[in-house]
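Structure first, commentary second.
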Amino acid sequence: MEPLTRRQVLQIGALGGLGVVVGGTGLARVGAPWTPRRTAPGSVAGSAGQELVEPEVLRSTDGRLRVRLVAQEQDVVVAGRRARVLAYNGSVPGQTWRVGPGDRIDVRLENRLETPTNLHTHGLHVSPQGSSDNALLSIGPGETFDYTFELPRDHPTGVFWYHPHRHGYVADQVFAGMYGAMVVEDDDVDVARERVLVVSDISLTPDGAVRGITPQERMAGREGDLVLVNGQVRPEISARPGEQERWRVVNACTSRYLRLALPGQQLRLLGIDSGHEAAPREVDDVVLAPGNRADLLVAMSPGTGELRTLGYDRGEAMMGMMSGQDLSGPRTLATVTVTGAAADAARPGDPVRPARQDAEPDLRPSRVDAHREITFTMGGMGGMGGMGGMGGMAFGFDDRAFDPERIDQRVVTDSVEEWTIRNPTPMNHPFHLHVWPMQLTAVNGTTLTDPTWRDVVDVPAGGHVVVRIRFATFPGTTVYHCHILDHEDVGMMGIVAAAN
Ligand code: C2O
Ligand code: CU
Ligand code: CU
């Protein structure tokens, strides 16, 4: 293990930046000969029409969860076929961790990849220092590292996720299969069943390798040819009429936005990220930027329908350049079949309100200790900035690419700040801050009425958002970045340091 240095990041600029040739990400390789392999439960994902399989669950006992997490390139069944992917413990997605507020999670990460990696617990309000949620560590090939994450007793409940965060390799590793869900449990809602749905995307070559990407795809943010739910293409979800289900949905796609809808069924939103609705709210669709999660109640009525993403316009990387690519277009994610005798156990329409732990009280009445502006930048305005010769480092904030040895924002522990995040570029960027949830208060000048907590906030092309943040509990140094992970890897990331 070592801290990330400027020198390593400059190497990445050369290796993985925008100057690379087509397919030069290092991921496209000739698939190894197929050897059938026993895979962990949950990894045998079916092809279209097979019953949805959920990742194996690891649950804390006596306030403690111990996880051995092996990151390895291996043959796993993905999208109903064998594929040579990067997996955690041999399954895509990795296991689901279920814990409670106040729990401690110990993870021994074994890096058996050929590239450096590390581990991030996305959305958790835990320390960013030392062997906790430290995004600035680099765990080299062959190395093992012991992480400890201690959740405060008042940690917000909800659905979170884990994924690698070694700058320069994040998009390649996530796209190739490294992600898993985490649930911080509340008092259970009275439902027939709870499901975890990890939505991700991937592109595979005919021989089952992960396809490399073009510089254009990196600039736009790569989207996979296949959209997966728990590693499966269009799995089948079955229920009986009258049943109510709770769905924990993670958008683990590298760059794809989702606008989830389930026409014909009643969808009610319990929360997004660590934010909770005051009461379950009936919704037609739910937008999840990359990194966002949704906690949903589904009341099942008889019939067959589809869980779909309706499509989301996230703009264009460069004027006209990406036309032809259907970025974040409509897709069917799963089919839902509700048949059989009506269930009488769960009664849809009953008031359901789990005892939840909120992220924070409403910050709008608080005194604001500091205001800041942060602006997404994509190099030369008007777009190109010279695709051939931009040196891979034109993506960033405030005209600067990420530098692990530069602190961009210094904040005071426990202070409340208001950040205006501007996006003058022609595409949306999802803004993510580690450790501290953000209260979104305005989008493009329109003030939000309800308290809205997010850890990823979509900043519209040509627009701006305002968020408030309390830098509570933890001093330390961590990052904010674009959650289009290709953008993060080429420099759209900054460092925030909180100190007393
Ligand atoms: Cu989900 Cu810093 O990332
Ligand atoms: Cu994160
Ligand atoms: Cu971006």
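Counting starts at 1 for both ligands and their atoms, following the listed order. We count residues from 1, following the sequence as given.
Here Cys482 reaches the Cu ion (ligand 3): one of its N/O/S atoms is less than 2.8 Å from the metal.
The main-chain N or O of Asp450 is found under 3.5 Å from a side-chain atom of Thr452 such that the two form a donor-acceptor pair. Judged purely by atom type and a 3.5 angstrom limit, Arg222 has no side-chain atom pairing as donor or acceptor with the backbone of Asp486.
A salt bridge does not link Asp146 to Arg66: none of the charged side-chain nitrogens sits closer than 4.0 Å to a carboxylate oxygen.
Annotation: angle subtended at the Cu ion (ligand 3) by His487 ND1 and His429 ND1 is 110°, to 10°.
In this structure Phe397 satisfies the ring pair (Phe, Tyr, Trp, His ring centres under 6.0 Å) test together with Phe376, Phe431, Tyr480, sequence neighbours excluded.
Here the protein contributes His122 ND1, His163 NE2, His483 NE2 as N, O or S atoms under 2.8 Å from atom 1 (Cu) of ligand 1.
Ring to ring, His155 and Phe149 are not that close: their centroids are 6.0 angstrom or more apart. Residues His481 and His487 place their aromatic rings such that the two centres sit no closer than 6.0 Å.
Ring orientation note: the planes of His434 and His165 are nearly perpendicular, at an angle over 60° on the 30°/60° scale.
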